[in-house]
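Below is one structure; the comments refer to it alone.
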Amino acid sequence: AGRGRSIGFAVDAVVNGDYVEPPRSVVTIEFPGATDSADAWRKVAAWTLACAIAMYAFTRTPLGRIANAVRDNPERAEGIGCDPRRVRWLVMIAAGFFAGIAGGLSAILYEIVSAENLGAHASGGMLMAAFIGGAGYFHGPAIGAAVFTVMTTAVAAWTPAWPFYLGLLFVATVMHA
């Protein structure tokens, strides 16, 4: 009952013009040391580079090597004594860590997080970029993201049919793989 009344009060306050905007500190997130957008770009670039180096180093660890073995042939990896479920669980934890950092960096850079960032369109775009660049290679998703960005900006400026050309590229990539 209390929840419905508070929503009704908020709607009534907006309709009658009695709405008071909350303080800016509640709405915005302030990041210490970020004085301008160039500074934010530098910090995001530094964190991105550090995370890319950490991810590459992770692929060279024993866990990273056995994760490749589990991906390629889980039965064979189990035959040499590793538990594929545990390896996948540990790799998922590492992936979640880096995904969390990426989300935080996106929030710093764009200063907004909306439902659009979490939707199927954004996730599908990321998967398409990974496939275009080559999901089996370390630098593949980054190359795919660059190609995807060029397709969605430069080609979109050239023709309104850019999704068609992006789809052709994706189909060609899948057919070639």
Side-chain angles (χ1 to χ4, degrees), residues 1-56 58 88-89 91-135 138-171 173-174:
R3 183 174 183 199
R5 189 170 17 162
S6 64
I7 292 173
F9 173 74
V11 170
D12 184 49
V14 171
V15 170
N16 292 331
D18 298 334
Y19 179 72
V20 177
E21 186 175 339
R24 296 288 294 167
S25 62
V26 174
V27 177
T28 61
I29 301 171
E30 296 183 17
F31 299 100
T35 56
D36 59 357
S37 63
D39 190 36
W41 275 96
R42 282 190 296 274
K43 288 182 180 183
V44 168
W47 273 99
T48 302
L49 181 63
C51 287
I53 291 169
M55 283 187 274
Y56 186 75
F58 178 78
R88 288 183 176 136
W89 181 70
V91 171
M92 185 64 73
I93 290 171
F97 171 77
F98 288 114
I101 290 177
L105 293 176
S106 175
I108 290 171
L109 193 59
Y110 297 114
E111 298 178 357
I112 187 169
V113 177
S114 65
E116 184 179 342
N117 300 95
L118 305 173
H121 190 269
S123 297
M126 289 179 223
L127 286 174
M128 187 180 288
F131 283 126
I132 288 172
F138 181 77
H139 299 293
I143 293 168
V147 170
F148 188 83
T149 301
V150 167
M151 293 294 287
T152 58
T153 55
V155 177
W158 176 60
T159 177
W162 68 268
F164 173 73
Y165 294 110
L166 182 63
L168 279 179
L169 177 65
F170 180 68
V171 168
T173 303
V174 170

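Position 1 is the first residue of the sequence; numbering continues from there. Keep in mind it's a predicted model, so treat the numbers as computed, not measured.
Residues T48 and L105 share a closest heavy-atom pair of OG1-CD1, 3.8 Å. The nearest pair of heavy atoms linking C51 to F98 is O-CE2, 3.9 Å. Shown here for F148 and A129, the closest heavy-atom pair between the two residues is CB-CB, 4.0 Å. Between F138 and M55 the shortest heavy-atom distance is CE1-C, 3.9 Å. When all heavy atoms of A156 and W162 are compared, the closest pair comes out as CB-CD1, 3.3 Å. Between A107 and V113 the shortest heavy-atom distance is CB-CG2, 3.7 Å.
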**Request:** Give the C-alpha distance, both sets of side-chain angles, the deciding distance and a yes or no for side chain to side chain contact (heavy atoms under 4.5 Å, CB included) between V44 and W41.
**Result:** CA-CA 5 Å; V44 168; W41 275 96; 5.7 Å; no

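Looking at residues two or more places apart in sequence or on another chain, you find no side chain to side chain donor-acceptor pair (under 3.5 Å) involving T159. Taking the side-chain contact (heavy atoms from CB on, under 4.5 Å) definition, one finds that F58 meets it with T61, L63, V91, A94, sequence neighbours left out. Every residue two or more places apart in sequence or in another chain that forms a side-chain contact (heavy atoms from CB on, under 4.5 Å) with S106 is listed here: Y110.
Ring planes of Y56 and H139: parallel class, angle under 30° (limits at 30 and 60°).
Side chains of Y165 and L169 form no contact here, defined as non-hydrogen atoms less than 4.5 Å apart. Residues I132 and L166 are in side-chain contact: their nearest non-hydrogen atoms beyond the backbone lie under 4.5 Å apart.
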